[in-house]
Amino acid sequence: MIPSVANNSVSVYLGGLSCDPLHPFALDLNLNKPCSSASLFWNCKGRRKRENSIIMASSCRTNNFLRHVESMKLHPSGAGHISHLNAVILGESLATEEDDFVLPSEGFASQANVQSPEQYLKMYKRSIEDPAGFWSEIASEFYWKQKWGDKVCDENFDVRKGNIKIEWFKGGITNICYNCLDRNVERGLGDKVAIYWEGNEPGLDGTLTYTQLLHQVCQLANCLKDIGVKKGDAVIIYLPMLMELPIAMLACARIGAVHSVVFAGFSAESLAQRITDCKPKVVITCNAVKRGPKAIHLKDIVDAAIDDSAQNGVSVDVCLVYENPWAMKRVDTKWKEGHDIWWQDVVPNYPNTCPVEWVDAEDPLFLLYTSGSTGKPKGVLHTTGGYMVYTATTFKYAFDYKPSDIYWCTADCGWITGHSYVTYGPMLNGASVVVYEGLMVEGWRMILHGWHYHLLEEDKPRSHHKPRKSMKHANLREGLIPNRDFERKLNKLILLPSKSKCNFVQEALYRPRKSMKQATLTKAPNYPDAGRCWDIVDKFKVTIFYTAPTLVRSLMRDGDSFVTRYSRKSLRVLGSVGEPINPSAWRWFYNVVGDSRCPISDTWWQTETGGFMITPLPGAWPQKPGSATFPFFGVQPVIVDEKGVEIEGECSGYLCVKKSWPGAFRTLYGDHERYETTYFKPFEGFYFSGDGCSRDKDGYHWLTGRVDDVINVSGHRIGTAEVESALVSHPQCAEAAVVGVEHEVKGQGIYAFVTIVDGVPYSEQLRKDLVLTVRKQIGAFAAPDKIHWAPGLPKTRSGKIMRRILRKIASRQLDELGDISTLADPNVVNQLIELADS
């Protein structure tokens, strides 16, 4: 529902009320009457109290595909404050904590790529009714050596009708590297900066123009061809966020090789699994990388992985190693003559031009492995043409991209976000991209992985796979700290951000025990302090900033001062990715980081979808804090019940998609049966996302988390994200993760792991207050049965919370934790076990 204002009245447009989707039913409500139904409807405390006429109207349905977005009409741009409406115009701070609308300002909307709900509806309607025409028109903006055939899309989404098949632009011949680089140079963008690179250490940076980037990509492409890499061959890339990472991706694409980027933080075992599965001709890595002050020896990990895969019958011909001199000297790098090659010794010697390998739109572009809770990783396969068109289009509209923008996505290219929205999507639009080498996820325990082991030296060595029942004491250089005090003492080590570079770590390690009482542990997500983000924003004049809720919450915890001491005046659009962002974090992101003037593109999508599926379009319609809002062009989301029946109107259920979209993945590498079983058999006729979703009365979509993270308490289906959001709204709660545990009465109980704000002591009163907060915001049925104090949460190196591990801890199934070596900090698990009964 979107209000439009004229003559002191508001017309409330309710979705799903008319057979004509572009002419919704309107209720004109007088705002001059303090007790009018409009006041009740818009006031956050009275929104549950609707008049019978509104309830009856809301229950009306249509069978039109636009029924959940048909309420889009002109927004009150420039109207200022609207009496009795709980809404603000972009540029004003959010003052309340419930169901605010943030309306686009007239100045922003007038310059936006999509300027109104009407424009969106016109484009969306065409994308659904005429997908071939809609996407062909957009695809024609790119270079095709040969145009596709008459059939733009050929699909089968229903397992009952045969094998699942998705094809877009088949027969079309193109190359995504050519469209990212050569096409932009030919358009006169050769001197435009393609990559602004910021190193781990402040002051270490670099740039590449589109011409320079093209030349370096061609040199590496020629090198790979000389090694023997051909079209269709796999290449594994195990690199940190150096400029050489996107260079390697583009070089593979240029010669038709299939790249598989593995996040340079995965263990040797995880890397070996991927090598064994895709059988690469070459592994590209570097000798080491700095994570904060600590050097990680990546080459050693690769060596171990290659040896492991060789034992499984898969050998790798060549390991191409980039020397990262800021992390490790060449002479200190372990070397295998005849197998290892230094990048700097060979790649610069090749010509800076390389012929393009033209490929079919349905030829594979890359493999990206996603880990399940058990079993081998799934190799998600994306092809070239549809992915190219879709990522470019989603980037352009979801971020309201302009040629003058400086764009920074904090994701690593080891994840789908780094593929679609660091490399391909931005460069297909000719954007200038910031690439940051440093670590952008929460926790010094993650940054100082390994250093933490020094702090946790035990008297007897133990396997990290086997949780310890007790830790009598930990050796901290200057003495032994009793177990009951260990976590509090550890959280009071001095890590002063004012110390230069690594000195503060050494100071923490060597500081006498008696002074630990005076300090706090800096859990900033950045190095050397929590202001690094905004220092980079100011340095490069970043206009679009795209990051994860984990980072946002971490920055919230560190306080506003790290943000407000920087200008950030260049920012105009913010973005969120990776998990549902709780409303309180959304408001902080909007109010503090964006100074209440930057819309937030809170995007929902997946590795499998290739690009955004449900996302705000800045300037097009009002936003609600925490909601992904409406579907992108060509996407038809549906919410179904347990039986796969589509639910209309306001509801909660399983999020599925009907009909294909160009960016959809085509299969799981080498396992099409698993592809169909996992994604298309649960609800026949639909793609099943695995996520839960609620749609409110206004048609806005709210992601509730993975369906295996939905807890059924006495018949109430409760999304973990909803309970977590309530907990985090408490001023002393920094982060929370909720899982379900067996309950002999309720079926399932709610078990909450809670990280509190630095300096706040654990207490029974705080525990009661947190439970009361959930009771007040959601209801007594959602109150946690257990609050488990958590100094940290088990996360992947991308910041994803591993709830599988939390469920095992909550259920006391400690012998079933599995491999925790791929966590950002495996020691968190032991800490949680120690505090289980506290």
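With R254 as the fixed residue, the side chain to side chain donor-acceptor pair (under 3.5 Å) test singles out one of N175, D182, N222: D182. Between Y407 and the options Y401, F395, Y196, a ring-ring contact (aromatic ring centres under 6.0 Å, His included) holds for only F395. Among V380, L381, T677, the single residue meeting the side-chain contact (heavy atoms from CB on, under 4.5 Å) criterion with L668 is V380.
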Determine, stepwise, if the pair Y679 / Y687 fulfils ring pair (Phe, Tyr, Trp, His ring centres under 6.0 Å). CA-CA 6 Å; Y679 300 99; Y687 164 79; 5.8 Å; yes
Run the side-chain contact (heavy atoms from CB on, under 4.5 Å) test on F134 and E129 for me, step by step, so that the C-alpha distance in whole Å, both residues' side-chain angles and the decisive distance to 0.1 Å come before the verdict. CA-CA 9 Å; F134 180 86; E129 293 180 342; over 6 Å; no
Applying side-chain contact (heavy atoms from CB on, under 4.5 Å), run through C153 and S660 and close with a yes or a no. CA-CA 9 Å; C153 175; S660 72; 3.6 Å; yes
Steps toward ring pair (Phe, Tyr, Trp, His ring centres under 6.0 Å) verdict (F157, F686): CA-CA 6 Å; F157 244 44; F686 300 111; 8.7 Å; no
So Y390 and W135, ring pair (Phe, Tyr, Trp, His ring centres under 6.0 Å) or not? Walk me through it. CA-CA 9 Å; Y390 195 71; W135 290 111; 5.7 Å; yes
Which is it for K125 and D130 under the salt bridge (Lys or Arg N to Asp or Glu O under 4.0 Å) test, yes or no, and what are the steps along the way? CA-CA 8 Å; K125 183 177 181 181; D130 179 24; over 6 Å; no
Report the C-alpha distance between D191 and T209 in whole Å, list the side-chain angles of each, state the deciding distance to 0.1 Å, and finish with yes or no for side chain to side chain donor-acceptor pair (under 3.5 Å). CA-CA 5 Å; D191 292 333; T209 66; 5.3 Å; no
Could you walk me through whether T174 and N179 pass the side chain to side chain donor-acceptor pair (under 3.5 Å) test, one step at a time? CA-CA 8 Å; T174 188; N179 279 285; 3.1 Å; yes
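Of all heavy-atom pairs spanning Q219 and N352, the tightest one is CG-CA, 3.9 Å. Shortest non-hydrogen contact noted between V573 and P618 is CG1-CG, 4.3 Å. Across every non-hydrogen atom of L239 and E244, the tightest pair is CD1-O, 3.8 Å. Here the closest non-hydrogen pair linking L368 and V261 is CD1-O, 3.5 Å. The nearest pair of heavy atoms linking P631 to H701 is CD-CE1, 4.2 Å. Listed here is the closest heavy atom pair of P104 and A109: CB-CB, 4.3 Å.
A donor-acceptor distance shorter than 3.5 angstrom exists from the side chain of T543 to the backbone of I406, with no hydrogens or angles considered. Looking only at distances, a side-chain donor or acceptor of H382 sits under 3.5 Å from a matching main-chain atom of T607. Checking side-chain atoms of K658 against main-chain N and O of P637 turns up no donor-acceptor pair under 3.5 Å. Panel note: side chain S136, backbone A132; a donor-acceptor pair is recorded below 3.5 Å. Not a single donor-acceptor pair under 3.5 Å links the side chain of E137 to the backbone N or O of G133. Between the side chain of T609 and the main chain of Q606, a donor-acceptor pair closer than 3.5 Å is present. Within the 3.5 Å criterion, the main-chain N or O of V314 finds no donor-acceptor partner in the side chain of N312. Side-chain atoms of Q344 come within 3.5 Å of backbone N or O of E323 as a donor-acceptor pair. Distance alone, capped at 3.5 Å, is enough to place a donor-acceptor pair between the N429 side chain and the G425 backbone. For the pair D412 (side chain) and G418 (backbone), a donor-acceptor distance under 3.5 Å is absent.
The shortest side-chain heavy-atom distance between M249 and Y424 falls under the 4.5 Å cut-off. Proximity of L245 to I284: side-chain heavy atoms (C-beta onward) are nowhere separated by under 4.5 Å. Proximity of T417 to V422: side-chain heavy atoms (C-beta onward) are nowhere separated by under 4.5 Å. Between Y120 and L617, some side-chain heavy-atom pair lies under the 4.5 Å cut-off. With contacts defined as side-chain heavy-atom distances shorter than 4.5 Å, the pair C319/I341 does not qualify. Considering only heavy atoms from C-beta on, V359 stays 4.5 Å or farther from I176 through its side chain. The shortest side-chain heavy-atom distance between R666 and E167 does not fall under the 4.5 Å cut-off. T423 has its side chain within reach of C413: a pair of non-hydrogen atoms, C-beta onward, lies under 4.5 Å apart.
Note on D277 versus R274: no salt bridge recorded, every NZ/NE/NH1/NH2 to OD/OE distance being 4.0 Å or above. Under the 4.0 Å criterion applied to side-chain N and carboxylate O atoms, K378 and D671 are not assigned as salt-bridge partners. Using a cutoff of 4.0 Å between basic side-chain nitrogens and carboxylate oxygens, K165 and E362 are not scored as salt-bridged.
Ring centers of F630 and Y124: at least 6.0 Å apart, outside the cut-off. Between W415 and Y369, the distance from one ring center to the other does not fall under 6.0 angstrom. In this structure, W408 has its ring center no closer than 6.0 Å to that of F540.
To the nearest 0.5 Å, atoms OG1 (T393) and CG (L428) are separated by 9.0 Å. Here T383 contributes atom OG1 and L365 contributes atom CG; the two are 8.0 Å apart, rounded to the nearest 0.5 Å.
For the ring pair (Phe, Tyr, Trp, His ring centres under 6.0 Å) test, residues two or more places apart in sequence or in another chain that qualify with W605 are Y421, F612. Applying the ring pair (Phe, Tyr, Trp, His ring centres under 6.0 Å) rule to Y210 yields no partners; only residues at least two apart in sequence or on another chain are considered. W148 is linked by a ring pair (Phe, Tyr, Trp, His ring centres under 6.0 Å) to W144, F169, counting only residues two or more places apart in sequence or in another chain. Partners of Y675 according to the ring pair (Phe, Tyr, Trp, His ring centres under 6.0 Å) rule, which considers only residues two or more places apart in sequence or in another chain, are F665, H672, F680.
Side-chain atoms of T603 and Y546 include a donor-acceptor pair closer than 3.5 Å. In this model, a donor atom of one side chain and an acceptor atom of the other lie less than 3.5 Å apart for E186 and Y178. Side chain to side chain, W168 and D154 fail the donor-acceptor criterion of an N or O pair below 3.5 Å. A donor-acceptor contact under 3.5 angstrom links the side chains of Y387 and S420, judged on distance only. Between the side chains of T410 and T547, a donor-acceptor pair is found at a separation under 3.5 Å.
Within the structure, salt bridge (Lys or Arg N to Asp or Glu O under 4.0 Å) contacts touching residues 345-354 (residues at least two apart or in different chains) are R330-D345. Contacts classified as side chain to side chain donor-acceptor pair (under 3.5 Å) and involving residues 225-241 (residues at least two apart or in different chains) are given here: D226-Y350, K231-D363, D233-K281.
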